[in-house]
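Presented below is the structure to which this report refers.
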Amino acid sequence: MRGQGGAAPVFAHRHAAEDARKAIHRPEVLRGLGETFRMLGDETRLKICLVLARQELCVGDIAGLVGLSESAVSHQLRLMKAMRIVRYRREGRMTLYMLDDAHIEDLIRLGARHVAE
């Protein structure tokens, strides 16, 4: 509930509301969460994450699996690297991509379980 004329909010259950307020993260954390979920909200990037959760792969292999051109996959990987969703390592002249850490796979698995229920 809001108070009169823009005054401080008046809560019906003040103690519960004050406790719930602690769940709200700092603004920079909220921004980062929003950006991460926006990244994972794209079906193409989700497909890339799903194949990389199984195996580290080069751009050409990823492109073949997700049905896109290598240049389109490279573009997506560049965005995903900037958001720390994927990382890469070089093996000779080959660049292999993998998920940045297990947290990304956990987010996807939990989301898939939520959708399936």
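It should be emphasised that the depicted structure is a prediction, and the values quoted were computed from it without experimental measurement.
By the rule that hydrophobic residues join a cluster once side-chain heavy atoms approach within less than 4.5 Å of another member, Ile104 and Val29 end up as members of one cluster.
One finds the CZ atom of Arg26 at 10.5 Å from the CZ atom of Arg31 (value rounded to the nearest 0.5 Å). Atom-to-atom distance recorded for Lys81:NZ and Ser74:OG is 8.5 Å, nearest 0.5 angstrom. The structure places CG of Leu79 at 9.5 Å from CD1 of Ile48, a figure rounded to the nearest 0.5 Å. Between Arg38 atom CZ and Met83 atom CE the span is 8.0 Å, to the nearest 0.5 Å. Rounded to the nearest 0.5 Å, atoms CZ (Arg78) and CE (Met80) are 12.5 Å apart. Ile85 CD1 to Leu40 CG: the interatomic distance, rounded to the nearest 0.5 Å, is 4.5 Å.
Applying the 6.0 Å contact sphere to CD of Glu43 captures no more than 12 heavy atoms from other residues, nucleotides or ligands. Annotation: Arg90, atom CZ; neighbour count of heavy atoms from other residues, nucleotides and ligands within 6.0 Å does not exceed 12.
The closest donor-acceptor contact from the side chain of Arg87 to the backbone of Asp100 lies under 3.5 Å.
Shown here for Met94 and Cys58, the closest heavy-atom pair between the two residues is SD-CB, 3.3 Å. Contact detail for Val73 and Ala63: the closest heavy-atom pair is CG2-CA, 3.6 Å. Leu30 approaches His25 most closely through the heavy-atom pair CD1-O, 3.4 Å. Nearest approach of Met98 to Leu96, heavy atoms of both residues: CE-O, 3.6 Å. Nearest approach of Asp42 to Arg45, heavy atoms of both residues: OD2-N, 2.9 Å.
Between Val86 and Tyr88 there is no side-chain heavy-atom pair separated by less than 4.5 Å. By the 4.5 Å heavy-atom criterion applied to side chains, Met39 and Thr36 are not counted as neighbours. For the pair Ile62/Leu52, a side-chain contact is recorded, criterion being any heavy-atom separation below 4.5 Å from C-beta on.
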*Are Ile108 and Leu46 close enough, and set up right, to give a side-chain contact (heavy atoms from CB on, under 4.5 Å), and what steps lead you there?*
CA-CA 8 Å; Ile108 294 168; Leu46 272 175; 3.9 Å; yes
